[in-house]
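I have placed the structure first, in the form of structure tokens, so that the comments after it can refer back to it.
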Amino acid sequence: MPSHRDIAEMLFELANYMEIDGENPYRANAYRRAGQAVEHLKRPLEEIKEDLQSVAGIGKGTAAVIREIIETGESSLLNEYREKLPKGLMSLLELPGLGPKSVKTLYKKLNVTNVSELEQAIRRQQVRTLPGFGAKSEAKLLEAIQRAGTRPERLPLGHVRPVAEEVLTQIQSIPEVVQASLAGSIRRMEETVKDVDIVVATEQPDHVAREVASLPAVEEVVNRGTTKVSVLVAADWLVQVDVRIVTPEQYATALHHFTGSKEHNVRIRQIAKEKGWKVSEYGVEQLADGRTLTFDEETHFYNELGLPYIPPELRQGKGETEVGLEQGLPDLVAEKDIRGDLHVHSQWSDGHCTIREMAEAAKSKGYEYVAVTDHSRSLVIAGGLSVEDLMKQREEIDRVNRELDGITVLAGVEVDILPDGRLDYPDDVLEQLDVVIASVHSAFGQDERTMTKRILRAVENPYVHVIAHPTGRLLNRRDSYALNLPEIFKRAADTGTVLELNANPNRLDLNDRHLRQAVEDYGVTIAINTDAHRAEHLHLITYGVGTARRGWLTRHHILNTLTLDKLVKRLKGKNHGS
DNA sequence: GCCGTTTTCGGCCCGACTGTTTTCAGTCG
């Protein structure tokens with residue numbers, strides 16, 4: 001029985017083929033919409049099979065296709081297209097800058113059917129001869145091919161960590177494993193990771209090594225010894241997982257060693273050396289008598305060196321040992337400190353869930369409040385709200401608040417900062433909202449002066465509470481826009497404007513370094529928000545909290561650790577210029 | 001192909017941007 005997702009994928013593929021084939025684009029889009037409708041169906045397919053046309057976006061034609069897929073696992077229409085057009089055209093469509101029309105032209109005129117044939121055609125300078133193409137588009141496409149073909153050196157933490165946790169769970173279920181933990185950059189919550197490190201304690205290394213090599217998640221075994229097994233698992237790309245196998249006595253020091261960072265470990269060894277000790281993954285060797293100390297847990301290891309426990313997120317070699325020795329480390333913010341999410345979307349704009357669903361999810365996460373902040377009118381693609389819609393939405397928020405106990409939904413908006421720095425709604429509209437988040441979604445290419453002035457104008461608006469994803473970077477995809485951040489930090493602190501740490505793993509914006517600078521040097525307040533577009537995304541707060549901890553933040557630096565009462569007062573405070 | 005009605009056709013989120021053109025097609029979000 002195909003899953004909702006399987007059926008949606010087939011409908012999307014159909015839509016893509018239709019577009020390349022020159023079908024009526026609205027017909028193609030109808031299949032795409034039907035795909036989305038199936039993807040978001042909550043009810044089981046078997047149950048809804050006879051009733052498909054009652055679903056918005058599914059009509060007579062698409063219902064027949066879906067029913068055929070449910071019953072046979074295939075679509076004869078899709079099979080016809082697969083027969084008619086080469087499959088490689090689908091991968092061409094993924095290249096940024098190439099749409100269906102261009103793919104069709106490349107196929108019909110040059111018989112290009114896949115990415116490598118396109119690359120050859122570009123190198124022969126054939127593409128520039130086609131109508132609508134030129135030398136510049138050749139260069140852009142070549143760059144896109146090269147970017148797409150090579151795995152990025154590092155992958156976003158949020159893409160790899162779930163896979164790593166799955167592998168860890170599988171390892172922990174091996175009976176002979178005493179203890180196991182993630183280590184390395186994943187444990188330090190670095191925003192991107194190259195590979196996965198896992199430390200495993202056991203009395204039977206040979207057996208565990210064999211078991212690890214044959215775990216269900218493993219796609220390929222790179223090498224297998226008795227102390228280290230390296231395997232490949234599937235995330236966005238194949239990711240290497242290095243599993244280190246040690247004795248239970250060595251576990252704490254091995255975990256410390258393989259957690260790093262390299263810079264942190266260098267400092268630790270220096271400190272040990274001054275005491276006449278030698279630190280390695282196997283323990284702390286006392287050079288005087290050759291005895292090696294081992295520990296139950298990392299805390300005892302640190303204490304032995306005269307240090308407080310240093311959380312993995314701080315182990316960057318950026319002063320954590322010195323500060324730890326001299327004044328102790330800050331009490332870093334933890335996930336349990338977060339009392340609400342101030343940036344989520346609903347079906348009113350480009351979110352997938354109703355306001356009630358988002359509120360219930362927030363409540364079951366233990367939150368006190370959640371702010372619904374849908375897009376403003378300029379962001380048409382994301383279903384930006386007119387002023388009228390915004391007011392209607394307010395009524396729904398009021399209703400949900402009446403219906404639900406134990407969670408408060410705040411009426412908010414994510415208002416666009418237009419290219420000239422004006423906001424997408426007038427002040428008298430913003431004034432009526434509980435939470436106003438402002439952000440840039442257009443004209444990313446402005447020079448530093450223009451962009452800085454543009455954002456400063458939003459910072460200085462008395463009704464703007466939070467600037468969302470302040471630098472606009474997307475990991476592995478888009479750099480930050482040109483921006484004088486210190487100037488923004490300064491004005492934000494002066495005006496009481498909060499800057500966001502967007503917890504989406506593709507953003508993590510502000511990043512750890514910015515956060516530490518903004519808070520330590522300027523006294524800026526930070527809000528950690530998920531920007532959730534569906535209820536499940538609320539859990540992404542984990543990556544925000546991890547990043548905040550890397551930036552040395554405590555709960556006192558963070559807006560949404562406040563209770564609802566204090567939060568509301570703080571938000572009102574800005575309007576009154578205090 | 002879907003949908004809604006100003007119901008059985010005609011519109012379908014639409015504006016910015018780019019590189020190609022010489023007034024615009026294609027892509028993107």
Side-chain angles (χ1 to χ4, degrees), chain A residues 8 10-38 52-69 75 77-78 80-81 89 92-109 118 122 127-144 148 345 347-351 374-386 388-389 414 416-420 424 439-446 469 472 474 477-478 481 504 506-507 531 533:
Chain A
M10 290 171 88
L11 292 167
F12 295 150
E13 194 181 338
L14 264 170
N16 287 339
Y17 273 125
M18 286 175 182
E19 277 188 319
I20 295 173
D21 200 36
E23 248 296 356
N24 173 1
Y26 293 112
R27 182 175 181 229
N29 210 29
Y31 278 84
R32 196 163 284 129
R33 293 179 72 117
Q36 284 165 356
V38 172
L52 282 167
Q53 284 180 68
S54 67
V55 179
I58 299 176
K60 207 171 140 201
T62 48
V65 173
I66 295 167
R67 221 170 287 127
E68 185 190 356
I69 298 174
S75 155
L77 184 60
L78 180 55
E80 276 172 37
Y81 274 113
L89 297 183
L92 285 175
L93 223 38
E94 313 240 308
L95 289 175
L98 269 195
K101 296 273 170 59
S102 314
V103 169
K104 185 182 182 186
T105 308
L106 288 165
Y107 173 54
K108 295 280 182 201
K109 304 262 183 183
L118 174 60
I122 292 170
V127 173
R128 64 180 63 186
T129 65
L130 299 175
F133 291 87
K136 257 192 172 159
S137 33
E138 273 190 347
K140 281 206 150 183
L141 281 173
L142 194 56
E143 207 192 314
H345 295 271
Q347 284 176 355
W348 282 80
S349 66
D350 59 350
D374 278 310
H375 289 287
S376 63
R377 55 194 175 187
S378 282
L379 212 59
V380 175
I381 174 67
L385 269 57
S386 66
E388 254 185 8
D389 287 340
E414 180 177 9
D416 253 52
I417 306 174
L418 303 173
D420 62 1
D424 199 17
S439 57
V440 167
H441 289 108
S442 60
F444 299 136
Q446 291 179 337
H469 41 77
L474 291 173
R477 294 213 296 266
R478 185 171 78 203
Y481 17 83
N504 185 295
N506 297 311
R507 290 193 182 270
D531 202 350
H533 282 67

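Below, chain A is the first sequence line, B the second, and so on; all start at residue 1.
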Measure from the side-chain heavy atoms of [X] and tell me the nearest of [options].
X         : options                  : value
Lys136(A) : dT18(B), dT20(B), dC2(B) : dT20(B)
Tyr31(A)  : dG19(B), dC13(B), dG1(B) : dG1(B)
Ser102(A) : dG26(B), dC2(B), dC13(B) : dG26(B)

Once you round it to whole Å, what is the distance between [atom2] of [N] and [atom1] of [X]?
X        : N       : atom1 : atom2 : answer
Tyr26(A) : dC12(B) : OH    : P     : 7 Å
Asn16(A) : dC28(B) : CG    : P     : 12 Å
Arg32(A) : dT27(B) : CZ    : C1'   : 13 Å
Gln36(A) : dG1(B)  : CD    : P     : 18 Å

Please measure how far the [atom1] atom in [N] lies from the corresponding atom in [M], and state the result in whole Å.
N       : M       : atom1 : result
dG29(B) : dC13(B) : C1'   : 11 Å
dC17(B) : dG11(B) : C1'   : 26 Å
dC2(B)  : dT7(B)  : C1'   : 15 Å
dC14(B) : dT8(B)  : P     : 24 Å

Exercise. Which atom pair, heavy atoms only, marks the closest approach of Ala28(A) to Glu19(A)?
Worked result: CB-CG, 3.6 Å
All side-chain hydrogen bond (donor to acceptor under 3.5 Å, both in side chains) counterparts of [X], not counting sequence neighbours:
X         : value
Asp21(A)  : Lys84(A)
Arg377(A) : none
Arg67(A)  : none
Asn24(A)  : none

Describe the nucleic acid contact of [X] in one word from base, sugar-phosphate, nothing, applying a heavy-atom distance below 4.0 Å.
X         : value
Ala135(A) : sugar-phosphate
Leu11(A)  : nothing
Pro25(A)  : nothing

Any protein N or O atoms within reach of nucleotides 22-25 of chain B? Criterion: under 3.5 Å, listing atom names and distances.
none

Exercise. So, is Ser378(A) near the phosphate of dG15(B), with a side-chain N or O under 4.0 Å from OP1 or OP2?
Worked result: no
Exercise. Which base, if any, makes a Watson-Crick or G-U wobble pair with dT8(B), both distances under 3.5 Å?
Worked result: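 None - no nucleotide pairs with dT8(B), as no candidate has both distances under 3.5 Å.
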For nucleotides 3-7 of chain B, which of its nitrogen or oxygen atoms have a protein nitrogen or oxygen under 3.5 Å away, and what is each distance?
residue	atom	partner	partner atom	Å
dC3(B)	OP1	Gly57(A)	N	2.6

For this session: Check whether the side chain of Asn29(A) and the base of dG1(B) form a donor-acceptor pair under 3.5 Å.
Result: no
